[in-house]
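As a basis for the values below, the full set of heavy atoms in this structure was taken, side chains included, without hydrogen atoms, waters or symmetry mates. Every chain is numbered from 1, with letters handed out A, B, ... down the list of sequences.
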2 protein chains.
Amino acid sequence: MDAGLHLLADQNLASLGVREVTREAGLSPAAFYRHFPDLAALGVVLVEESLASLHVMIRSVLAEADGAEELIDRAVEVIRQHVREHRPHVRFLARERHGGVRRVREAIDAELGRFAAEVGSALALQPVSQGWSEQDLRMLAELYVDHMVSTASAFLEAQEEVDPARERRIAATARLQLRLISLGRRHWQGS
Amino acid sequence: MDAGLHLLADQNLASLGVREVTREAGLSPAAFYRHFPDLAALGVVLVEESLASLHVMIRSVLAEADGAEELIDRAVEVIRQHVREHRPHVRFLARERHGGVRRVREAIDAELGRFAAEVGSALALQPVSQGWSEQDLRMLAELYVDHMVSTASAFLEAQEEVDPARERRIAATARLQLRLISLGRRHWQGS
DNA sequence: AAGTTCGGCAAACGACTGTTTACTGAATGG
DNA sequence: CCATTCAGTAAACAGTCGTTTGCCGAACTT
């Protein structure tokens, strides 16, 4: 799996080969089939591995909520750190989310949906969300998740070549956008 | 190019083969090299083709601005229609935006950046944007573009299998999100 | 101690790959 | 009308591919 993830740095799952993976891992081609029936199967497992750390991340953000402004700074910083520390996994997710392998795509989508649900319940606990309908909460959660995904992708690209200025610019933009969203949230009157 | 686009429906550019394309097009493999040096080159041309129609689209949305509410409805509807009518191109963009072929990725990114700039200048003309700094306008434009991309991807997935209910749900969510953003926009005090 | 599962190997199968070469007919242009 | 470009072909090159098969030692179970 490490070998696969490493090769997926500049390639996508659909173009990955069994022989390629086993060669990188220092095994014989036949050895692969002892563990996975397919390369798609390997992909699905990588999805699970990749998103496990994401759930940890979100909890670490929402845990300490000392005011909206600080939470925003913290969220953006956590995303940046997460991308930095799990770049191969994040890149894999970004690449395969709309990639050519249906089963992997569906796995990511399902997991991201559960992720939005989790964010939704967390949002519901905040005082700002009083009087919000179920639908409105879900809509907001999806907006946050989509924004997180976009931001993570941007960080990813910026970190490919080390470019601290670009990275700071992305962080600044993300913070402003989150501030604008939370402003809209405070003035929301229901749908 | 049509053959390539057709094959890219369930495959990504990196895993596409020259022989595959020429076979689909009914030509000999060597004929390909009369037109492109690379498959990546074909990809880049496809990017340009795909985004040309996008610029037309944005203008058609911003042209008639009769109130914010109506503009939102119109924008979401135009996105839905655009995805419906240019599904192969949109799918290609979504897939290759983070795909394995660097040159194509960069082409898409650059084009999307110019797109955001265009949206930015359009936003500047609206009365709501009085007193907005350049940076804030850019940030808002990027938020809109990212949101548009997310929405388009969602429509894409929903239209793969014909699922009108899911499509309506996506449209409704997108509209709510745009309303929330424009609410935040009205209460923005500058950064 | 015996049996079974686990994770590995080498070898072979036919099929498919990108690219180059030399050649050909049609259109184009001066 | 002749030369040239254009867009196509078939054939060959040396590889790589996924997958199956039969085999083997080590580890674990009972």
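Look at CG on B:Leu42: it is 13 Å from P on C:dG18, rounded to the nearest Å. Distance CZ (A:Phe36) to P (D:dT19): 14 Å, rounded to an integer number of Å. The distance from atom CG of B:Leu13 to atom P of C:dG18 is 12 Å, rounded to the nearest whole Å. When rounded to the nearest whole Å, the span between CE of B:Met1 and C1' of D:dA7 equals 17 Å. As rounded to whole Å, 13 Å separates atom C1' of C:dT21 from atom OH of B:Tyr33. Atom CG of B:Leu39 is separated from atom P of C:dG18 by 7 Å (rounded to the nearest Å). Atom P of nucleotide D:dT19 and atom CZ of A:Phe32 are separated by 8 Å, given to the nearest angstrom.
For DNA chain D, the residues of residues 19-30 of chain A within the heavy-atom distance limit of 4.0 Å (strictly under) are A:Arg19, A:Arg23, A:Pro29, A:Ala30, sorted by number.
Residues satisfying the side-chain contact (heavy atoms from CB on, under 4.5 Å) criterion with B:Glu118, sequence neighbours excluded, are B:His55, B:Ile58, B:Arg59. Legend: residues meeting side-chain contact (heavy atoms from CB on, under 4.5 Å) with B:Arg95, ordered by chain and number and at least two apart, are A:Arg105, B:Asn12, B:Arg91. When the side-chain contact (heavy atoms from CB on, under 4.5 Å) test is applied to A:Ala141, the partners found at least two apart in sequence or on another chain are A:Val119, A:Leu123.
Taking each heavy atom of A:Ser15 and A:Glu20 in turn, the nearest pair found is O-OE1, 3.9 Å.
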Cut-off 3.5 Å, no hydrogens considered: what does the side-chain donor-acceptor table look like for residues 37-52 of chain A, sequence neighbours left out?
unit_1  : atom_1 : unit_2   : atom_2 : d
A:Asp38 : OD2    : A:Arg103 : NH1    : 3.2
A:Glu49 : OE1    : A:His89  : NE2    : 2.6
A:Ser50 : OG     : A:Leu46  : O      : 2.7

Hey, can you pull the donor-acceptor pairs under 3.5 Å for the side chains in residues 169-181 of chain A, sequence neighbours left out?
unit_1   : atom_1 : unit_2   : atom_2 : d
A:Thr173 : OG1    : A:Arg169 : O      : 3.0
A:Gln177 : OE1    : A:His147 : NE2    : 2.8
A:Gln177 : NE2    : B:Met139 : O      : 3.0

